[in-house]
Every structure is written in structure tokens, then in C-alpha cells.
Amino acid sequence: MNVQETALRNPATGDTTAGLLLDRGSLFLRRTTAVATAAAVEAEEIDLKARFPKAAIDAARAEKLLGMQIPVEFGGFGATIHDVTEVCYTLGRACASTAMIFAMHQTKVACLIRHGTGSDWHEALMRRVASEQLLLASSTTEGQNGGNIRSSAAAVEQSSGEISLVRSATVISYGAEADGIVTIARRAGDAAASDQVLLAMTKDNYTLERIQGWETLGMRGTCSAGFELKIKGPAKMIFPDAYEKVHAQTMTPVAHLCWSSAWAGIAAAAVERAQRFIRKAARGAGGQMPPGAAHFTAAKMSLAKLRAMIAVNLDLYAAHEYDERALASLDFQSSINLLKVEASELAVEAVMSAMRACGLAGYRNDGEFSVGRHLRDVLSSPLMINNDRILANIATASLMSGVPTTLRD
Ligand SMILES: Cc1cc2nc3c(=O)[nH]c(=O)nc-3n(C[C@H](O)[C@H](O)[C@H](O)COP(=O)(O)OP(=O)(O)OC[C@H]3O[C@@H](n4cnc5c(N)ncnc54)[C@H](O)[C@@H]3O)c2cc1C
């Protein structure tokens, strides 16, 4: 194994984060393998009982992956978007719910890092995410507003440095299990629905009262129940940047990249089962390909397109991560939104083709070639911020941005 003789050192304290570390890729690979192993063991039961994947998330804590993105100076590993999405993909192959929980948590952490640095409150929270491996949940969906994130009903009430907020949070994945929440709200009682702020806090500053359960087709282990969310605490819980900026620069790109990687992982797991099925069938027929082989090829093709699309957008985001103008551009915003739409469609396509390749063996809920769980899980992807809504929102921008004149510009 490739061992690097350097440790990640915290410049503030001089402490090393984890003693002697392997090089970056090996470090995350080793840690992720431990989490994926725990996730795979409980994946079926998580789905069956709609239970939170506690063993997998505990393993992520033990491997310090919940704080992997936190900069080294705040006690984390300073992981990049490429590192984080690789973990999402690997976990997606093992357990879709675990991967989605990890993806949502990392999206919140990215907002904290990018838009909270320089704010005492948010820097303290970053340190705690790294040292205590806190799990952060997300509350954007409100009332019957669906995925209309850029519009809030509940408003922050402020009085002498203290704020309060009561929100009908109809869906909060792992809300009951999280250590903290990142949520949006209208800036004040007289603010427009789109004049929003983002807040981050731990359990000391909120209560949750369950208003809805989570009895769904798939992604059952995300335990995305509905709650009345009541927040009380210091005004400094509000991020210095307006939500509009956080949304465009970090929340949307990181969410779409992490979610897509998790869905690609689900697709890869289904394709792998189809491959084993076709190989076994071909062996049993003296090398003769079974009739479903063409569907396996189609599944592989969808997965290849999906991975290529994620890779292009990952490089695009990484190249412009610190360039506010580039992130705000029509081209980038269209690309990162279309990634979510296309990735979700391709992931569904890949799993569906894998099921057709396996035939009844894939359709069955038992047996080594079953892809029923993968299909149910991946069917959440076009709905998780509905593709129709995204396409309607970017229609005007798509019309305004030019058609490329060269193949690779
Ligand atoms: C697994 C999972 C986990 C989730 N976790 C969280 C979480 O942790 N926190 C959180 O806040 N939310 C979470 N959500 C909710 C998610 O963010 C969206 O709010 C939700 O999926 C949108 O639900 P919807 O389709 O009912 O709503 P809508 O987006 O309102 O869609 C409803 C219907 O209207 C149609 N529609 C909407 N807009 C348009 C349009 N402009 N043009 C044409 N048709 C349109 C859609 O096609 C759809 O048929 C989660 C969702 C899932 C599936």
C-alpha cells in the first residue's frame, strides 16, 4: 500500500489529525470500505424495516468521514468534492439510504465551510462536526410547497440578538437521528418569500415534533419523516451570506453532485447483479448468451453515460469552486441543474435495464439477482426536487445561453 510519510497537521494547535496517514486516495478508500461493509450488511433490513442505518453511520463516525470535508485547520481532512462524491458512489453500491444520508450531510457541511468561514458560530460548528462527528440534516421542504426551495413561508423573528423560527418541515431525512439541522427561512416577517436566510444549529437550539411518517416505496432508511421544527437561539446562527448566494454557489452544485454519485452507486450495484446473472446463464448454456444480454449491455451503457456526466460536472465545479462569477453564470447553472435531471433519468434507466436483463430473477425480492430494492430506491431520484420543476425553472436560462460552436469548449 502507498504510505505517505506525512501527517495532516492542524496549524492552529500543531496536532496531527489522525497520526500517520496514508496518501489521500488510500486514506479515504480504506475508511470508506469499512463504512460500505457495515452498510451492505444491514442494507436489506434497513429497507425492510424502514430503519435508520445506525451501524453504517456509526462506522462513518468511527472512520471520521462525517467531518472529511472540514478544513484541516478546523480538525478535518480537507477532503475535496472529488473525494466526497467517490464515497457517495461507493456507499450507493452498498446501501442507497446510507449513501443518500451521507450525501445530504456532506452538502450541509459544504455550505458550512464555504459560507460560514469567518463567522465564530459556524466555525465552532465546523470544529464540532470534525471532533464529535456530528450528523447534519437538511430542512428545505415546507408545508405543501414541495421542492420550491427558493420560496419560504416561515419567517425568522428577531429581538435583541435572539431569534425564533417555527417551520412546518414536511420532510427531514434522519431528522430524529441528526445532531444538527441546516434550514432556510424568510429573512423577516415583512420579507418576500424569496428573501431567504440559511441557519445552522445543533439540537440545543431546536425541537422537533413529528407530524408525518415515512412509509415509502424506497429510500426507506433515510427516515424522512415530517416535523414541526421550532428554533430558538442567537441571531448568529444565520449565515452571513444570503441564501440566494449559498443556493447557487454551493447548495445546488454540491447536492446535485453528491446525489448523482449516490444514484450512480445504486445503478452500479444493479448492473453488477445483472452481470453476474448473465455470466451464470451463459456458463449454464455452454457459453451461449441468454436473450437478456442486450439489456445488460444497455444497463452498462446507461451507467457509463451517467458516470461520464458526473465526471464532467465534477471537474467543472472543482475548476470554478472559488470563482463566484463562473458559478453564477447561466452555463454553469444550466449544466449543474441538468446534471440532476439527466443523472436521475439515467440511473433509473440503468437499474430498469439491469432488471430486464435478469428477468424474473431480478424481479423477485429474494435471491442473489434481485434488483427490486435498487429499483425502488432509485425511483426517488427524479422526484427529489422534481425534474419537471427543475426543467421549468431553467427553461428561460437555457434559451438565453448559446449553443456551443466547438465540440470541447
Ligand atoms: C428520499 C428523499 C429524501 C428527502 N429528504 C429531504 C430532506 O432531508 N429535507 C427536505 O427538506 N426535503 C427532503 N425531501 C423532499 C424533496 O426535497 C422535495 O421537496 C420533494 O421531493 C418534492 O416533492 P413533490 O414532488 O411532492 O413536490 P413538487 O416539487 O411540488 O412536485 C409535485 C408535482 O408537481 C409537479 N411540478 C412541480 N413543479 C412543476 C413545474 N414547475 N412544472 C411542471 N410540473 C411541476 C411535479 O412534476 C410533481 O408531479 C426528500 C425527498 C426524497 C424523495
Side-chain angles (χ1 to χ4, degrees), residues 46-47 50 52-53 57 88 91-92 95-109 111 135-154 165 167-185 196 198-200 206 208 210-229 231 243 247 251-252 254-256 258-260 262-263 265-266 337 340-341 343-345 347-348 373-398:
I46 293 304
D47 172 56
F52 177 73
I57 299 301
C88 293
L91 295 183
C95 168
S97 290
T98 302
M100 190 42 75
I101 291 168
F102 188 80
M104 289 191 271
H105 164 79
Q106 292 298 343
T107 304
K108 303 300 115 175
V109 173
C111 294
L135 178 66
L136 303 183
S138 165
S139 175
T140 53
T141 308
E142 184 179 19
Q144 300 310 312
N145 213 9
N148 192 8
I149 298 182
R150 288 293 288 108
S151 170
S152 285
L165 170 69
R167 199 164 192 274
S168 172
T170 20
V171 194
I172 308 184
S173 293
Y174 54 97
E177 291 80 10
D179 305 301
I181 283 182
V182 177
T183 188
I184 49 174
Q196 296 161 297
L198 185 70
L199 304 90
Y206 67 84
L208 291 174
R210 201 177 161 104
I211 52 174
Q212 200 166 304
W214 182 249
E215 182 49 58
T216 52
L217 192 63
M219 285 292 182
R220 293 165 59 77
T222 60
C223 300
S224 310
F227 300 92
E228 184 183 60
L229 169 61
I231 297 172
Y243 179 64
H247 182 80
M251 186 86 92
T252 301
V254 177
H256 290 185
C258 290
W259 295 355
S260 300
W263 299 329
I266 303 171
N337 276 296
K340 190 269 150 182
V341 174
S344 57
E345 303 291 352
V348 171
R373 171 165 55 87
H374 306 82
L375 186 60
R376 286 186 290 103
D377 286 333
V378 85
L379 282 175
S380 66
S381 61
L383 317 181
M384 198 172 168
I385 309 301
N386 207 290
N387 284 355
D388 297 337
R389 184 184 287 284
I390 294 177
L391 288 173
N393 286 347
I394 64 169
T396 313
S398 302

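Please read all numbers here as calculations on a predicted model, not as lab measurements. In each ligand, atom 1 is the first atom listed, and ligand 1 is the first ligand listed.
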As a test of the contact definition, would [atom] count as having a protein heavy-atom neighbour under 4.0 Å?
atom: atom 11 (O) of ligand 1; value: yes
atom: atom 35 (C) of ligand 1; value: no
atom: atom 26 (O) of ligand 1; value: no
atom: atom 52 (C) of ligand 1; value: yes

Numbered atoms of ligand 1 (with element) below 4.0 Å of Met384, judged on heavy atoms: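 So the atoms of ligand 1 that pass are 2 (C), 3 (C), 4 (C), 21 (O), 51 (C), 52 (C).
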
Met104 neighbourhood, listing ligand 1 atoms whose heavy-atom distance to it stays under 4.0 Å: 5 (N), 8 (O)

Is it the case that the side chain of [X] and the backbone of [Y] share a donor-acceptor pair, with hydrogens and angles ignored and the cut-off at 3.5 Å?
X: Gln196; Y: Ile149; answer: yes
X: Ser151; Y: Asn148; answer: no
X: Arg167; Y: Gly143; answer: no
X: Ser152; Y: Ala154; answer: no

For ligand 1, find out whether one of its N or O atoms is nearer than 3.5 Å to an N or O atom of [X].
X: Met219; result: no
X: Val171; result: yes
X: Trp214; result: no
X: Ser138; result: yes
X: Thr141; result: yes
X: Asp388; result: yes
X: Leu383; result: yes

Where does [X] meet ligand 1, judged by heavy-atom distances below 4.0 Å: at the side chain, the backbone, both, or neither?
X: Ser139; value: backbone
X: Ile385; value: both
X: Met100; value: neither
X: Ser224; value: side chain

Could you grab the distance from atom [atom1] of [X] to atom [atom2] of [Y], nearest 0.5 Å is fine?
X: Tyr174; Y: Met100; atom1: OH; atom2: CE; result: 10.0 Å
X: Cys95; Y: Ile101; atom1: SG; atom2: CD1; result: 7.5 Å
X: Leu375; Y: Leu217; atom1: CG; atom2: CG; result: 8.0 Å
X: Phe227; Y: Tyr206; atom1: CZ; atom2: OH; result: 9.0 Å

Residue-ligand contact Ala137/ligand 1, heavy atom below 4.0 Å: no

Distance-only donor-acceptor check, side chains Ser97 and Asp47, under 3.5 Å: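 No donor-acceptor contact under 3.5 Å links the two side chains.
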
Heavy-atom nearest neighbour in the protein, as seen from atom 41 (N) of ligand 1, with distance rounded to 0.1 Å: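 Looking at atom 41 (N) of ligand 1, the protein heavy atom closest to it is Ala392 CB, 3.4 Å.
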
Candidate with minimal heavy-atom separation from atom 39 (C) of ligand 1, of Arg220, Arg389, Gln144: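 The residue whose heavy atom sits nearest atom 39 (C) of ligand 1 is Arg389.
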
Considering all heavy atoms, the nearest Ser138-Lys108 contact: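 In terms of heavy atoms, the two residues are closest at OG-NZ, 3.0 Å.
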
Full working for side-chain hydrogen bond (donor to acceptor under 3.5 Å, both in side chains) between Ser224 and Ser173: CA-CA 4 Å; Ser224 310; Ser173 293; 2.6 Å; yes

For Ala50, all residues meeting side chain to side chain contact (heavy atoms under 4.5 Å, CB included), sequence neighbours excluded: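 Counting only residues at least two positions away or on another chain, Ala50 forms a side chain to side chain contact (heavy atoms under 4.5 Å, CB included) with Arg220.
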
